Amino acid sequence: MSSSTPYSPFLSTPVPKFGGPAAAAVNPGSSLRPPSASLNDLNAPQRDAAITLDGPLLVLAGAGTGKTRVITYRMAELIRNGVEPSKILSVTFTNKAAKEMAERMSHMLGRRPNSRPMISTFHSLCVRILRDEIEALGYPPRFVIYDRGDQESAARKALRDIKVTDAALKPADLLSQISRWKMVGVLPELATEYADDDRGYLAASGYRRYQQSLRASGAVDFDDLLLLTAQLFEQFPDVLARQQARFEQVQIDEYQDTNEMQFQIVAALVKPHRNICVVGDDDQSIYGWRGAEVKHILNFQQHFPGAKIVRLQDNYRCTTEIIRLANQLVKHNHGRHDKTLVAHKDGPTPAIKPFPDEQTEAEGVVREINYLVKELNVPPQDIAILFRTNEQPRLFETELRRVRVPYVLVGGQSFFDRKEVRDIMAYLKFLSNPRDEVSLLRIINTPTRGIGDASVERLLNRAVKMGRKIWDVIPDALAGKEITQKTARSIELFREQMGEFQRRFDTPGISLSETLQKLLHDIDYEGEIQKQYNSADQQLARSGVLDECITALREYEQRSPKPDLAEFLDQTSLSGNNREFGDDDSFEQSAVKLMTLHSAKGLEFPRVYLVGLEEGLLPHKRSITDELENNPSAIEEERRLAYVGITRAKDVLTISYAQTRMKWGKRYKTKPSRFLTEMQRVVGE
DNA sequence: AAGGAGGGTTTTTTT
DNA sequence: AACCCTCCTT
């Protein structure tokens, strides 16, 4: 985050080296270097929050009021007051936020690697706990984390096994129902009780199959990480006691987006000492669809009686004009803590620009960006284009490429969605955990090695029936003439080959990346690419992906003290899509950012283009129909999303919409978003 | 078993 | 318009 805020930027003062004179003066008796941060950098309420060290604390922080800063300074205060750094846990919403906060702490603490606060996301925290303790639940200590694609395969298979057709229940629908159940702690055995119609019953039995197959594969999905941790705490007091003892102080950022399982985990962790500090803004709750519950932040005082509340309403990020729009817009929501942000700097009035169609919108926005960058020397990284859905950025990308302005598409699953990467990850997952059936099925005939779908299907049926592994039923399948000699031979070869690579990956001292390189060579993945794509540059691009994978693994090896394939896989599946791979920091730092409103949470940019403000897009069509059906607050979440978008802009905000838009190959007329009129009108007028 | 053609379907947001 | 699935030919 670039910090050119007019009020003391984060590291405005030089950081004295460890043990310097300043350190001795502030904290004479401590072996720890005190933080360089001075509380004078903070305004009164911020300071009040940062020095409240005991007992539950709720910081209601509006957008741009410096909540991350408060959390960091508070950690520094805790350490200054003698709390052992490693006994502090700070939970952030994304890995990126964790990384940034860790870097700031390193600056403040002067890099003392032996004791530092644990800063991580809920999911990473849970992985750490589960890696140590999961055997208690009957899972193997080695498990793989299934990403979205793996989950879909598992769901598809579960539905096929119970003979449910796509028409009755689609894999994606099953997954979202499973997720909703897991989010509130409903286990497969109990799901039927929560089903209220036929589809619900189908989903419940799908859920049972799905979970069975994950367990048999030694796999967990994202929700399991939370659910299993909560279960662990509930069922095993000794485990809970051990984890409780690890932390004396717990802080949680973006608390408005905690879901039920996360709340339970935290409540259990802090029970002995109640030293919990949560920071959030109910107006920025945008993950309701993922089980986030605003009620946790609204009811914090009921959960933790005696909690102190600090309100931060001074916005130091945006101009008065931007804040005026934001305030007016969000006032249309009900069920919120009424608060009004106060801005402190002036700037141009935000522009609202209509365009005839989405193509012109992209051209217009990019033309302006190009002018800013080329003629006015605005650094590209000061500019962001924010949008609601992932189909929107394409046109902007094309335009940016055309005028040669550097850009990065943040978040979009582009890298991990590529077939080649998914294949390679499946190989690695399988080799790390040979029980992983979903990955095995993906790679068993990729590249093609004469093991056809029909044979695999028959083998699988037999394997399931006999409760054995797919390899072990080959002789029986041969005898029953279910597969041919030739197929059996191919499978044998494949099995031997994989066995060899398993051993290699398992042997400490053998380079992981070199093993991967050899693997790709041995299975002739390159040849597969040559066959699949006939144009030379496509082939080149696809092979480039292979190199990127190898490079990613090599980089992991270099930065990890004790490289381990399973750890690499954990990190890549949790680090949200693009992080580990092709994460070219130096390039990213001087590029225009393109991202969804959801990914933009917690970030800020001097110039923001908020595009596609149309009915059906923002608010999204789905939320409009949801509003009519069952969820009266669906539109309110969209409104908060728009609010988040507006408040990302520090100085210049430009809002745009297209008057017509292409959909499914047809052009439709659009209506300007209701939010546009709302934000320009005071409630009640 | 593999590859290609044609037809039907699709769109929210992500750790 | 793009993607996936199914069916058909080799």
Side-chain angles (χ1 to χ4, degrees), chain A residues 91-98 120-127 145-149 151-152 156 165-167 170-172 175-176 179 182-183 220-226 254 257-259 261-262 285-292 358 386-392 394-395 410-413 416-417 419 445-457 483-484 486-487 490 528 531-532 534 570-579 595-602 612 616-626 634 637-638 640-642 644-645 661-667:
Chain A
V91 180
T92 57
F93 193 74
T94 62
N95 282 288
K96 194 178 175 188
S120 93
T121 62
F122 267 112
H123 286 83
S124 303
L125 172 70
C126 289
V127 170
I145 301 167
Y146 272 5
D147 61 23
R148 178 72 202 189
Q151 289 174 37
E152 257 168 43
R156 186 163 292 122
T165 61
D166 257 27
K170 287 182 202 137
L175 279 181
S176 73
S179 180
K182 285 187 177 177
M183 220 64 92
V220 299
D221 64 20
F222 287 121
D223 300 320
D224 283 336
L225 294 173
L226 304 173
E254 309 285 9
D257 284 318
T258 16
N259 67 34
M261 286 298 104
Q262 291 167 332
S285 165
I286 54 176
Y287 281 92
W289 51 275
R290 216 173 71 186
E358 70 273 25
L386 306 182
F387 38 83
R388 176 66 175 88
T389 71
N390 278 317
E391 66 179 340
Q392 287 170 268
R394 296 171 97 128
L395 289 171
V410 180
Q413 292 128 359
F416 276 88
D417 267 359
K419 181 186 171 300
N445 201 30
T446 314
T448 51
R449 47 175 76 86
I451 310 172
D453 295 342
S455 304
V456 173
E457 179 74 17
I483 56 171
T484 63
K486 214 170 117 215
T487 309
S490 302
E528 174 76 3
K531 257 193 288 179
Q532 294 262 306
N534 22 31
D570 279 356
Q571 286 185 13
T572 44
S573 45
L574 287 178
S575 66
N577 313 321
N578 269 329
R579 288 288 88 205
M595 64 184 98
T596 63
L597 290 164
H598 284 87
S599 319
K601 169 157 118 159
L617 213 45
L618 184 66
H620 194 273
K621 197 177 169 193
R622 190 77 168 252
S623 72
I624 300 173
T625 47
D626 275 10
E637 185 154 312
E638 297 286 308
R640 290 193 291 268
L641 214 37
V644 167
R661 196 172 279 272
M662 201 77 142
K663 203 181 174 187
W664 297 342
K666 255 188 91 180
R667 187 156 291 286

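What you see is a predicted model, and the numbers here were worked out from it, not measured in a lab. Values below: all heavy atoms of this structure, side chains included; hydrogens, waters and symmetry mates excluded. Proteins get letters first, then strands, A, B, ... in listed order; numbering begins at 1 in each.
- Residues that satisfy the salt bridge (charged side-chain N to carboxylate O under 4.0 Å, His left out) test with A:E254, not counting sequence neighbours, are A:K67, A:K601.
- For A:R394, the salt bridge (charged side-chain N to carboxylate O under 4.0 Å, His left out) test picks out no residue, with sequence neighbours left out.
- The aromatic ring of A:W289 stacks onto the base of B:dT13, its centre lying under 5.5 Å from the centre of the six-membered base ring with the two planes under 30° apart.
- A:T596 has a side-chain polar atom (N or O) that falls below the 4.0 Å cut-off from OP1 or OP2 of B:dT14.
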key: A:T596/A:V410 under side chain to side chain contact (heavy atoms under 4.5 Å, CB included): CA gap, chis, key distance, verdict   = CA-CA 8 Å; A:T596 63; A:V410 180; over 6 Å; no
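- Side chains of A:S124 and A:T121: a donor on one and an acceptor on the other come within 3.5 Å.
- Here A:F93 and A:Y287 bring their ring centres to under 6.0 angstrom of each other.
- Backbone-only contact: A:S455 has heavy atoms under 4.0 Å from sugar-phosphate atoms and none from a base.
- Here A:F122 lies out of heavy-atom contact (under 4.0 Å) with every strand.
- Residues passing the side chain to side chain donor-acceptor pair (under 3.5 Å) test with A:N445: none are found, sequence neighbours excluded.
- Aromatic ring centroids of A:H598 and A:W289 lie under 6.0 Å apart.
- Out of B:dT13, B:dT11, B:dT15, the shortest distance to the side chain of A:H123 is found at B:dT15.
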Return the polar atom pairs (N/O with N/O) between nucleotides 2-5 of chain B and the protein under 3.5 Å, or none.
unit_1	atom_1	unit_2	atom_2	d
B:dA2	OP1	A:G450	N	3.2
B:dA2	OP2	A:N445	ND2	2.9

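- In this structure, the CZ atom of A:R394 is 6 Å from the P atom of C:dC3, given to the nearest Å.
- Residues satisfying the side chain to side chain donor-acceptor pair (under 3.5 Å) test with A:D224, not counting sequence neighbours, are A:K182, A:Q211.
- When all heavy atoms of A:C126 and A:L225 are compared, the closest pair comes out as CB-O, 3.4 Å.
- Side-chain polar atoms of A:D147 and A:S573 form no donor-acceptor pair below 3.5 angstrom.
- For A:R290 and B:dT14, the CZ to P distance is 9 Å, given to the nearest whole Å.
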List, with names and distances, any nitrogen or oxygen atoms from the protein found under 3.5 Å away from nitrogen or oxygen atoms belonging to nucleotides 8-10 of chain B.
unit_1	atom_1	unit_2	atom_2	d
B:dT10	OP1	A:K170	NZ	3.0

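- Between A:Q392 atom CD and C:dA2 atom P there is a gap of 17 Å when expressed in whole angstrom units.
- Whole-Å rounding puts the A:E152 CD to B:dT14 P distance at 15 Å.
- Distance from the side chain of A:T487 is smallest for B:dA1 among the nucleotides B:dT15, B:dA1, B:dT13.
- Separating the CZ atom of A:F387 from the P atom of B:dT13 is a distance of 10 Å, rounded to the nearest angstrom.
- A close approach under 4.0 Å does occur between a side-chain nitrogen or oxygen of A:S599 and OP1 or OP2 of B:dT14.
- Across the protein-nucleic acid pair, A:N390 atom CG and C:dA2 atom C1' stand 15 Å apart, rounded to whole Å.
- Here the C1' atom of nucleotide B:dT11 and the CE atom of A:M662 are 16 Å apart, to the nearest Å.
- Each of A:K663 and A:L226 was matched to the nucleotide of DNA chain B holding its nearest heavy atom; the match closer to the 5' end belongs to A:K663.
- Nearest nucleotide to the A:F222 side chain, out of B:dT11, B:dT14, B:dT15: B:dT15.
- To the nearest angstrom, C1' of B:dT11 lies 6 Å from CD of A:E391.
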